Undergrad: 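This is the structure I want to talk about, given as structure tokens.
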Amino acid sequence: MDRNGERRRRTERAARPPHSGRDLGLDRHHSARIYDYFLGGKTNFPPDREVAEKLLAAFPGFRNAARANRAFMHRAARFLAERGIHQFLDIGTGIPTSPNLHEVVQAMVPRSRVVYADNDPIVLAHARALLTGSAEGRTAYVDADITRPDTILHSAQVRETLDLDRPVALCLVGLLHYITDEHDAHGIVRHLVEAIPAGSYVVLSQCTPDFAPEEWEQAMEVYKMDGGSAQVRPKGEFARFFEGLDLVEPGIEVPHRWHPDEDTSQVVNLPPHDPGDTTDALVSMWAGVARKP
């Protein structure tokens, strides 16, 4: 009996979208679908587009930020795969946008294993795009909420796909600004970091008001008026997420300046852009990668 094949089929069945009865929430906006709109995707709906356009009016750099953030994720994944990290836990996955994380790392190391986690039912409905990986590797999807981290850590998908006794890359890319202090964002990250072994890495990015404070104040007002919950953080507060970890050079940096290269400059569905348009103010994010000692 092919036990590995059967285990993979069980994991894929667990991640398949339900056939009926699930509220997809198409009558209200969702952060994953707004992000998809900023990336030029097609998995977004009128409520998402309405809020997205309001946000762009307040802060025109959202598309620049989304592009830079996605490129940073690709570079960080490649950076870690080159250094022997072949297990990834990506929380806040968003709508699948090729190349997805598993496509990046499995192109380098086919046996790499990736678990995705998100709580948008639309992401769940498209999860099969996240499960089509290399024959040697494994991918799985967890329908779970970051504010309840144990539902991710103790899920069957994580237990059956990842070996948490071996180093893992914990990726929370473009997610932390959706976790407010009310939900104890720093405590959640600390809890997740405590669950992974020494030698693991943490990949984080989040929006900041440091470069354009007035525009970000307007954008946050718009998002909250439309029922959203978000919190941008200055560099000092973002740095707290890395307490007890060893930051990889160049440390905390705007994402487009973190190990820049040519290969990830055009990674999404938007038309080619002039790199000169990617300014610190238009991106307005901090990013970093750190190793757990």
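Keep in mind that this is a model prediction, so the values were computed, not measured.
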Undergrad: Just checking, is any N or O donor in the side chain of T147 or D145 under 3.5 Å from an acceptor N or O on the other one?
TA: yes
Undergrad: Can you tell me if H177 uses its side chain to pair, donor with acceptor, with the backbone of Q231 under 3.5 Å?
TA: no
Undergrad: Going by the salt bridge (Lys or Arg N to Asp or Glu O under 4.0 Å) test, which pairs reach into residues 211-227, not counting sequence neighbours?
TA: K54-D226
Undergrad: Please list all pairs passing the salt bridge (Lys or Arg N to Asp or Glu O under 4.0 Å) test where one or both residues lie in residues 175-200, with sequence neighbours left out.
TA: D181-R233
Undergrad: Can you tell me if D48 uses its side chain to pair, donor with acceptor, with the backbone of H30 under 3.5 Å?
TA: yes
Undergrad: So, does H183 use its side chain to make a donor-acceptor pair with the main chain of A185 at under 3.5 Å?
TA: no
Undergrad: What is the minimum heavy-atom distance between V109 and A81, and which atoms define it?
TA: CG2-O, 4.3 Å
Undergrad: With rounding to the nearest 0.5 Å, note down the distance linking CZ in R70 to OH in Y35.
TA: 6.0 Å
Undergrad: Which heavy-atom pair separates A76 from V289 by the least distance, and what is that distance?
TA: CB-CG2, 4.1 Å
Undergrad: State which residues pass side chain to side chain contact (heavy atoms under 4.5 Å, CB included) with A117; sequence neighbours excluded, sorted by chain then number.
TA: I91, V142, I152
Undergrad: Has the side chain of S200 got a donor or acceptor atom that lies under 3.5 Å from a matching backbone atom of P167?
TA: no
Undergrad: Do any pairs count as a ring-ring contact (aromatic ring centres under 6.0 Å, His included) and have a residue in residues 186-221, sequence neighbours left out, and if so which ones?
TA: F59-W216, F62-W216, H186-F241, F211-W286
Undergrad: Any sub-3.5 Å donor-acceptor pair from Q206's side-chain atoms to G174's backbone N or O?
TA: no
Undergrad: Measure from the side-chain N and O atoms of R113 to the backbone N and O of T161, and report whether any donor-acceptor pair falls under 3.5 Å.
TA: yes
Undergrad: Any side-chain heavy atom of N44 within less than 4.5 Å of one from I34?
TA: no
Undergrad: Can you find a pair of side-chain heavy atoms, one from Q157 and one from L162, that are under 4.5 Å apart?
TA: no
Undergrad: Would you indicate whether R49, at its atom CZ, is surrounded by more than 12 heavy atoms from other residues, nucleotides or ligands within a distance under 6.0 Å?
TA: yes
Undergrad: So, taking the atom named CD in Q87 and the one named CD1 in I196, what distance separates them when rounded to the nearest 0.5 Å?
TA: 10.5 Å
Undergrad: Once rounded to the nearest 0.5 Å, what's the spacing between atom CD1 of I95 and atom CG of L39?
TA: 10.0 Å
Undergrad: Check whether any side-chain N or O of N100 sits under 3.5 Å from a backbone N or O of H102 as a donor-acceptor pair, and report yes or no.
TA: no
Undergrad: If you define the side chain from C-beta out and look only at heavy atoms, does anything of I146 sit under 4.5 Å from L175?
TA: yes
Undergrad: R33 side chain to F45 main-chain N or O, any donor-acceptor pair under 3.5 Å?
TA: no
Undergrad: Would you find a donor on one side and an acceptor on the other, under 3.5 Å apart, between the side chain of R138 and the backbone of G133?
TA: no
Undergrad: Quick one: do F38 and Y178 end up in the same hydrophobic cluster if we chain Ile, Leu, Val, Met, Phe, Trp and Tyr together by side-chain heavy atoms under 4.5 Å apart?
TA: yes
Undergrad: Would you give the length of the straight line joining atom SG of C171 to atom CG of L204, rounded to the nearest 0.5 angstrom?
TA: 9.0 Å
Undergrad: Report yes or no: is the cationic atom of R83 (NZ for Lys, CZ for Arg) under 6.0 Å from the centre of the six-membered ring of F79, at an angle within 45° of the ring normal?
TA: yes
Undergrad: For residues L89 and V168, report the shortest heavy-atom separation together with the two atoms involved.
TA: N-CG1, 4.0 Å
Undergrad: Do NZ/NE/NH1/NH2 and the carboxylate oxygens of R78 and D261 come within less than 4.0 Å?
TA: yes
Undergrad: P250: which residues meet the side chain to side chain contact (heavy atoms under 4.5 Å, CB included) condition with it, sequence neighbours left out?
TA: E253, W258, H259
Undergrad: Minimum heavy-atom separation for R166 and P197, please, with both atom names.
TA: O-CG, 3.2 Å
Undergrad: Which heavy atom of G94 sits nearest to which heavy atom of A32, and what is that distance?
TA: CA-CB, 4.1 Å
Undergrad: Answer yes or no: is there a donor N or O on one side and an acceptor on the other, between the side chain of R159 and the main chain of H154, under 3.5 Å?
TA: yes
Undergrad: Do T278 and N64 meet the criterion of a side-chain donor-acceptor pair at a distance under 3.5 Å?
TA: no
Undergrad: Would you compute the distance between atom OG1 of T97 and atom NE2 of H126 and round it to the nearest 0.5 angstrom?
TA: 10.5 Å
Undergrad: Which value, rounded to the nearest 0.5 Å, describes the distance between I252 atom CD1 and L247 atom CG?
TA: 5.5 Å
Undergrad: Taking only residues two or more places apart in sequence or in another chain, which ones pass side chain to side chain donor-acceptor pair (under 3.5 Å) with R257?
TA: D280
Undergrad: Grab the two heavy atoms, one from H74 and one from V104, that are nearest each other, plus how far apart they are.
TA: CD2-CG2, 3.7 Å
Undergrad: Between Y223 and S31, is any pair of side-chain heavy atoms under 4.5 Å apart?
TA: yes
